[in-house]
Each structure stands twice: as structure tokens, then as C-alpha cells.
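Here's the structure, in C-alpha cells; my notes come after.
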Amino acid sequence: MKAGGAKHGNWKDGYWAGWDEYRHGPKKRPKPLPRILKGQKRERTVESVMDILDDFRLTQFEHEADCRHGLRAALCLQGFAWNQSDYEATRVVEEALQRIGAKRPTWYQGQKYYTQSPDFCAWCQAPMEDVERTRSQRFCSKECAKAALEARATKDSNIRDATMRSAYRLVEKLENPPKECIYCGKTFYSDRKSADFCSPRCVSRHQKGESLLLERQCVECGTTYQPTNRNQMCCSLKCRGLHQHKEWKVKFAEETRACAFCDTRFRPTTPYAKYCSKRCAKLVSNRAYRERQGYAEHHLKCEWCSNEFVSKMPWAKFCCRQCKRSSETFQRKVAKLPRLPVPDSRPLTPELFDRLLQAA
């Protein structure tokens with residue numbers, strides 16, 4: 001073993017890095033194995049694997065293991081070593097997956113908790129009841145929750161941790177006897193023995209002294225629902241928007257207003273309408289923005305049509321795009337015309353006349 005030290009460059013993290021080489025030998029990088037399938041034979045093999053992988057029902061990686069196993073077994077039967085055959089089969093399958101555009105999911109996306117719907121139990125996949133689903137429960141029974149807790153191995157996923165916390169709360173809820181809400185009278189389960197209300201909404205209404213609201217029928221779709229306040233007439237925001245739009249349509253059927261920008265008469269569809277079109281509203285918004293930013297307005301004259309216009313840019317030359325395009329077209333046509341010779345500005349003297357005559 002060679003002597004080492006700081007001057008020999010064998011120090012690493014404050015320690016001499018010669019023991020590993022002395023005990024296990026020098027570290028060598030593994031050399032890439034040579035290819036077995038080359039040229040057209042490899043191309044045909046990749047295309048055949050693509051056809052097999054592309055015939056899937058659930059995912060493009062459904063037949064990946066079968067293709068790799070079959071290629072490796074076929075190469076081994078031809079007399080190649082196992083490691084070389086496995087390396088070649090892996091490269092062929094990866095190339096086929098890349099050509100068909102398969103994108104391998106992450107480890108988290110491969111877990112069952114990633115694509116699990118809250119409509120089904122997180123353990124036995126049985127459909128959840130409506131009452132359990134509204135309480136954000138993930139298990140259909142106490143047995144499923146206990147089985148999930150017992151099967152938990154690690155805490156490396158936030159989704160899994162949230163699911164397990166839900167399982168723990170469900171076990172605690174079902175251990176306690178059912179209770180009746182003091183406000184609405186519904187039967188509920190809670191992980192706290194001192195709970196008297198089924199939801200925070202019931203707690204708030206009870207503290208405010210509000211009486212229980214009876215179920216009513218939506219004025220838009222006719223669905224029976226439980227209102228949250230006394231003035232609620234619709235079961236959802238969608239129904240509320242449709243009902244309000246119908247009321248406004250009847251209310252403003254005969255009314256007309258003047259646009260705040262161009263003074264054009266228009267028929268409003270809402271009580272907040274001030275402009276006849278989106279263009280007028282945009283122009284007003286742009287003008288207000290320029291005023292807030294302190295932009296000055298410059299009164300200029302168009303170089304093409306000679307009309308006066310207002311611009312925030314002092315170097316503007318044209319009032320609109322049409323004038324700018326017309327000016328550019330005219331300049332291109334002028335540039336194509338033949339150029340006339342420039343006359344000589346010198347006075348014609350006898351000496352200059354003789355010189356020009358000799359040159360001719």
C-alpha cells in the first residue's frame with residue numbers, strides 16, 4: 001500500500017481514503033456489455049415488442065415484464081450469458097416503450113392511494129355511503145380501518161399518512177356510542193366523548209340562537225335541499241345564477257341606457273351594466289390605467305391622412321394601422337421605380353465643356 005497523506009491527495013472528509021482500496025481493491029466502473037442484436041434484426045425485434053406493448057387494456061407497462069422475460073429466455077437459449085441477455089432485453093423493451101410514448105409514473109403514482117376515489121373504501125374498495133362520504137371518511141367499517149392500521153409499514157407518503165389518520169379517527173368514532181345532535185337532531189359518531197354537535201355549522205347556529213330551518217324546494221330545478229340561511233331560494237350557485245339571470249331578463253326587457261363611453265343606447269342584461277360593448281369597457285379601462293400611471297396624451301397629426309389623433313407616444317406617426325400599411329406600401333412602390341441621374345451642380349465653363357466633350 002502506498003503512503004498517503006494530504007500532500008498525496010488521498011484525504012476525504014478528514015480521513016485517509018486508502019483503507020477501502022487496500023481491503024477491497026481499487027474501485028472499477030462496470031463496463032457496458034456489448035450489444036447482441038444489431039442492425040435490421042434489432043429494428044425488427046423492437047417493432048415486434050412495440051406491437052405487443054401497444055396492445056394493452058389498462059396501462060402501457062402491462063406487458064413489460066412478459067416481454068423482458070421472453071427476450072431474456074430466448075437469448076439465453078441461444079447461448080448468451082444471463083447478465084448479457086438480461087441487459088439486452090432491458091434495453092430493447094425500454095427503446096420500445098420510448099417509441100410508443102410511454103411515460104413511466106413515479107413511485108407515488110404507482111401506489112393504490114394515489115388514484116383511489118373517496119367514493120370507495122380505502123381498504124376493501126366497497127362503495128361508501130353518502131353519510132360517510134360527506135364526513136370525509138375513507139373506510140366503510142371499523143374492521144377495514146383496523147386492518148389498514150395493522151398493514152401500515154412506513155410513513156413515507158403524505159397521502160398514506162392522511163388515510164391512516166382517517167382510519168385512526170374512524171376507529172375512535174366507532175368505539176364511542178352514537179350521539180344525537182343538539183341542534184338538528186341527527187345521529188352521528190365522534191372521536192370525542194364530549195361532542196354534542198354533528199358539524200361546526202350546527203355549533204355556530206346554536207351559539208347564535210337560530211332555529212332549525214326546514215327543508216325547502218329549489219325554485220330553479222325543484223330539488224329538495226336543506227337551506228343554510230332564511231333567504232336562500234336555490235340549492236346551488238349554478239341554480240342561483242340561472243334564476244337571477246331570468247329575473248334580470250324580465251326586469252330589463254324594456255329598459256335602455258346610454259353607454260358611459262360612446263353614448264350609444266343599449267339594452268342592459270344586468271343592473272351593473274354601464275357600457276354597450278366589451279370594446280368600450282376596455283377603452284375606459286385603458287384610459288383609467290394611463291391616468292393612474294401618469295401617462296401624458298400627445299395631440300399629433302397623421303403623416304398619411306393628415307388627421308389629428310391622440311397618442312401616449314410622442315414619436316407616433318400614424319393614427320391607425322391602415323394608414324401605416326398604406327404608407328409602407330407606397331414606400332415599397334417608390335423604391336422599385338428607376339432612379340434618374342443626378343444633375344451636376346457645377347457651373348458650365350469652357351474648360352468643363354471641353355473636358356466633357358473629350359470624355360464623350
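Every value quoted in this text rests on a predicted model; they were computed, and no experiment measured them. Just so you know, residue 1 is the first one in the sequence shown, and it goes up from there.
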Determine whether Thr90 and Arg68 satisfy the following criterion, side-chain contact (heavy atoms from CB on, under 4.5 Å), listing intermediate values before the conclusion. CA-CA 6 Å; Thr90 304; Arg68 181 175 175 180; 3.1 Å; yes

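- When all heavy atoms of Ala195 and Phe188 are compared, the pair lying nearest together is O-CZ, 4.0 Å.
- Looking at Ser48, its side chain does come within 3.5 Å of a backbone N or O of Arg44 through a donor-acceptor pair.
- Few gaps surround CZ on Arg216; more than 12 heavy atoms of other groups in view lie less than 6.0 Å from it.
- Using a 4.5 Å cut-off on side-chain heavy atoms (C-beta onward), Arg42 and Val92 make contact.
- Follow the hydrophobic side-chain contacts under 4.5 Å out from Leu33 and you never reach Trp82; the two are in separate clusters.
- For CZ of Phe330, the number of neighbouring non-hydrogen atoms (other residues, nucleotides, ligands) closer than 6.0 Å is 12 at most.
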With salt bridge (charged side-chain N to carboxylate O under 4.0 Å, His left out) as the test, would you mind laying out the steps for Glu94 and Arg91 before giving the verdict? CA-CA 5 Å; Glu94 288 181 356; Arg91 294 299 174 268; 3.7 Å; yes

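- The closest side-chain heavy-atom distance from Lys324 to Trp304 is not below 4.5 Å.
- Across Thr270 and Arg257, no two heavy atoms sit closer than the pair O-NH1, 4.0 Å.
- Shortest non-hydrogen contact noted between Pro105 and Phe61 is CD-CE1, 3.8 Å.
- Listed by chain and number, the residues in a ring pair (Phe, Tyr, Trp, His ring centres under 6.0 Å) with Phe197 are His206 (sequence neighbours excluded).
- Other residues, nucleotides and ligands contribute at most 12 non-hydrogen atoms within 6.0 Å of the CD atom of Glu308.
- The two residues Leu97 and Ile100 come nearest to each other via the heavy atoms O-CG1, 3.3 Å.
- More than 12 heavy atoms of other residues, nucleotides or ligands sit less than 6.0 Å from atom CD of Glu255.
- The number of heavy atoms from other shown groups lying within 6.0 Å of CZ (Arg321) does not exceed 12.
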Evaluate Phe261 against Arg287 for side-chain contact (heavy atoms from CB on, under 4.5 Å), listing each step before the verdict. CA-CA 11 Å; Phe261 180 75; Arg287 179 180 295 179; 3.7 Å; yes

Show every donor-acceptor pair shorter than 3.5 Å between a side-chain atom in residues 238-253 and any protein atom, with sequence neighbours excluded, or say none if there are none.
residue: His243; atom: NE2; partner: Glu247; partner atom: OE2; Å: 2.8
residue: Lys246; atom: NZ; partner: Glu220; partner atom: OE2; Å: 3.0

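- At least one side-chain heavy atom of Cys280 sits less than 4.5 Å from a side-chain heavy atom of Ser277.
- At least one donor-acceptor pair closer than 3.5 Å links the side chain of Gln217 to the backbone N or O of Gly222.
- Residue Ala281 comes nearest to Tyr275 through the heavy atom pair CB-CD1, 3.8 Å, listed as atom of the first residue, atom of the second, then distance.
- A salt bridge does not link Lys317 to Glu328: none of the charged side-chain nitrogens sits closer than 4.0 Å to a carboxylate oxygen.
- Grouping the Ile, Leu, Val, Met, Phe, Trp and Tyr side chains by contacts below 4.5 angstrom, directly or via other members, places Leu37 with Val46.
- Residues Tyr225 and Gln232 meet the side-chain proximity criterion, which asks for heavy atoms closer than 4.5 Å.
- By the 4.5 Å heavy-atom criterion applied to side chains, Thr45 and Leu71 are counted as neighbours.
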